[in-house]
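Labels below follow one simple rule: chain letters A, B, ... track the order of the sequence lines, proteins then strands, and each chain is numbered from 1. Excluded from the calculations below are hydrogen atoms, water molecules and symmetry mates; all remaining heavy atoms, backbone and side chain alike, are included. Just so we're clear, the structure is a prediction, and the values are computed from it rather than from any experiment.
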Protein chains: 2
Amino acid sequence: MKISWDDMQTVLAMVRGGSLAAAGVELGLSYTSVARRIHRAEQALGRPLFERRPEGYQATEEAHDIARAAARMEAEEQAVLRRLSGRAQDLQGPLSLTAPPLLIQSFLAPLLAEFTAQNPQVELTVRAANGVLDLARREADLALRISRHPQDTLVGRKLAEQQSGFFAVPEIAERAALDPQAPLDWVLYSGHEAPPAAARKSHPDIRVRARLDDMPSMIAAALAGMGALRMPVFLAHSHPGLVPLPHLPLQPYAPIWLLSHRDLLGSAKLAALKGVLEPWFRDNKHMFSSLP
Amino acid sequence: MKISWDDMQTVLAMVRGGSLAAAGVELGLSYTSVARRIHRAEQALGRPLFERRPEGYQATEEAHDIARAAARMEAEEQAVLRRLSGRAQDLQGPLSLTAPPLLIQSFLAPLLAEFTAQNPQVELTVRAANGVLDLARREADLALRISRHPQDTLVGRKLAEQQSGFFAVPEIAERAALDPQAPLDWVLYSGHEAPPAAARKSHPDIRVRARLDDMPSMIAAALAGMGALRMPVFLAHSHPGLVPLPHLPLQPYAPIWLLSHRDLLGSAKLAALKGVLEPWFRDNKHMFSSLP
DNA sequence: CATCGAACATGCGAAAACGCATGTATGAAG
DNA sequence: CTTCATACATGCGTTTTCGCATGTTCGATG
């Protein structure tokens with residue numbers, strides 16, 4: 001009636017992943033070893049933790065109980081690792097940043113290049129992700145997020161207000177300017193029901209040609225002449241092939257936040273990266289608030 | 001910047017024990033392996049956790065932080081093990097009981113013999129200890145304690161009220177009865193400042209011959225004619241060589257409690273042992289409340 | 001009905017972790 | 001000053017753990 005902490009972690013991974021293979025990936029082990037650890041834990045506890053079904057392992061109530069305890073243990077582990085990282089005063093070792101891919105591509109890349117050049121000892125990992133990574137679980141040390149309401153438990157500051165505009169290839173834009181009543185093709189983001197109200201008001205006859213869930217693809221579609229779209233103005237700076245639709249004003253867009261976990265506030269590496277990000281955004285405010 | 005859970009446990013044992021050897025004993029490992037694990041953890045974290053001093057390892061602040069987190073993880077582990085044990089419905093496997101040595105020797109032994117005979121599959125471990133074992137850490141599943149105020153977080157019931165009396169070899173007892181004013185030798189428990197007030201009142205001229213911190217030793221001293229003593233009456237039943245001092249009434253003594261952890265209430269093994277202990281005490285109340 | 005992939009069992013050689021024996025340094029005790 | 005105990009370092013052979021390759025079962029798919 002005892003259990004090793006590593007085996008508790010294995011049970012947690014197994015309950016989370018649902019299969020030996022998935023648990024193995026999470027733990028960085030082969031699924032064979034996961035099976036052996038589960039078996040060893042069952043021996044030590046004197047009772048089965050998983051039912052061997054033809055379709056795979058099925059966790060018992062006991063396994064779920066162990067997994068819940070292990071999840072709380074994992075939170076302790078992550079918290080102490082954060083505190084240790086936060087205490088590190090040397091500009092050396094791993095550091096991770098997550099940001100929207102488009103922001104990296106069109107704005108951040110030169111700055112990051114400079115940062116890594118000036119801090120060769122820092123091993124910077126950039127995770128280009130639109131999803132929200134979990135900073136508490138250390139999926140990243142620092143996050144750049146475009147959001148109106150950034151997460152509560154994190155500390156952060158607003159780096160830049162943003163404006164969005166309406167853009168299209170010059171032919172479409174000129175036609176729309178000449179006759180606002182004429183049909184106007186539109187490329188819509190999948191998350192939105194309809195084109196923005198301001199556009200619908202100026203151009204009553206908007207036809208949605210396609211809905212896409214990926215901004216680069218939407219830009220490609222617009223560049224191919226598929227229609228007009230709404231996008232934050234900073235993207236217009238790197239896409240001269242798209243011009244603003246006349247008569248349509250800029251609209252507020254979600255601002256850009258820089259977020260990190262409290263425990264990491266003392267980290268020198270983090271401070272260094274913040275220290276270059278903040279002036280970079282301050283000195284280039286116009287990229288986010290006005291047209292090229 | 002990562003750490004295995006087993007290594008966190010090793011850091012905890014190291015901080016607790018203060019030396020590689022002590023940590024090795026706690027973990028059931030050789031101290032060599034403890035040293036290797038510490039070294040591995042320091043490599044993985046990229047910083048030292050212990051200073052190597054001539055007189056041994058000295059934990060850094062980082063090591064203490066990890067140890068604090070590991071202690072909370074240990075609490076989770078122990079809690080889940082308790083819950084698993086509490087769920088066990090079979091009369092089989094390990095079961096541990098702690099009780100004061102004197103209670104076992106003079107009252108409990110026959111009952112425990114019968115219990116193990118009737119439950120051969122249960123591996124009963126009896127920890128004879130006067131100290132208070134930690135039931136939360138599963139140092140024992142069930143505890144018999146002589147106390148006026150048993151611990152809060154545990155569930156328990158009072159098994160017996162107790163009386164104490166004053167005893168000595170017959171010669172001393174008779175002499176004291178004939179002339180209460182005469183000098184009376186006394187054997188005193190180290191924890192007490194002076195003989196009980198009731199005894200001092202009846203016998204003004206009490207001389208403390210020795211103070212001892214161990215009841216069996218005190219009884220041996222009394223049997224050797226060193227003096228009178230106070231003890232719970234149940235001990236008088238198994239020591240006919242000591243007789244009560246006349247003119248002195250019985251006095252209340254701390255009752256006997258049966259305690260266990262909430263999480264273990266559902267355990268069949270525990271219920272079985274409780275089920276024999278309770279009637280055993282009920283049917284033998286007189287052993288604790290009246291003279292032989 | 002045949003095929004394919006997902007999920008797990010099993011056996012074997014490689015890698016990692018471990019225990020033991022030996023050696024060194026320090027501090028306490030005679 | 002010598003002796004002894006404590007605490008740790010290091011090297012070596014053994015045990016345990018691991019990854020990979022192979023085989024089996026089940027269910028989905030065409």
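Interatomic distance, B:Asp263 CG to B:Ser85 OG, rounded to the nearest 0.5 Å: 9.5 Å.
For A:Arg52, the salt bridge (Lys or Arg N to Asp or Glu O under 4.0 Å) partners two or more places apart in sequence, or in a different chain, are A:Glu42. Residues forming a side-chain contact (heavy atoms from CB on, under 4.5 Å) with B:Ala22 (at least two apart in sequence, or on another chain): B:Ser19. Not a single ring pair (Phe, Tyr, Trp, His ring centres under 6.0 Å) links A:His64 to another residue, sequence neighbours left out. A search for salt bridge (Lys or Arg N to Asp or Glu O under 4.0 Å) contacts involving B:Glu193 returns nothing, not counting sequence neighbours. Residues that satisfy the side-chain contact (heavy atoms from CB on, under 4.5 Å) test with B:Ala224, not counting sequence neighbours, are absent from this structure. Checked against salt bridge (Lys or Arg N to Asp or Glu O under 4.0 Å), B:Glu123 has no partners two or more places apart in sequence or in another chain. Taking the side-chain hydrogen bond (donor to acceptor under 3.5 Å, both in side chains) definition, one finds that A:Glu77 meets it with B:Trp5, sequence neighbours left out.
The distance between atom CD of B:Gln58 and atom P of D:dA7, rounded to the nearest whole Å, is 13 Å. Between the C1' atom of C:dA16 and the CG atom of B:Asp7 lies a distance of 13 Å, rounded to the nearest Å. Between the CG atom of A:Asp6 and the C1' atom of C:dA17 there is a distance of 12 Å, given to the nearest Å.
Within 4.0 Å of B:Gly24, counting heavy atoms only, lies no atom of the nucleic acid at all.
The stretch residues 37-50 of chain A has no heavy atom under 4.0 Å from DNA chain C, so no residue of it qualifies as close.
For the pair B:Leu45 and B:Ile66, the minimum side-chain heavy-atom distance is below 4.5 Å.
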### Task
Would you mind building the protein contact string for nucleotides 7-12 of chain C? One character per nucleotide, 5' to 3', B for base within reach (heavy atoms under 4.0 Å), S for sugar-phosphate only, - for untouched.
SBBBB-

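A close approach under 4.0 Å does occur between a side-chain nitrogen or oxygen of A:Ser33 and OP1 or OP2 of D:dG19.
Residue pairs satisfying the salt bridge (Lys or Arg N to Asp or Glu O under 4.0 Å) criterion with at least one member in residues 6-17 of chain A, sequence neighbours excluded, are listed as follows: A:Asp7-A:Arg40, A:Arg16-A:Glu26, A:Arg16-A:Glu74. Sorted by first then second residue, the salt bridge (Lys or Arg N to Asp or Glu O under 4.0 Å) pairs that include residues 208-218 of chain A, not counting sequence neighbours, are A:Asp185-A:Arg209.
Across the helix from C:dC1-D:dG30 to C:dG30-D:dC1, the helix axis at one end is tilted relative to the axis at the other end by 20° (nearest 10 degrees, each axis from five pairs).
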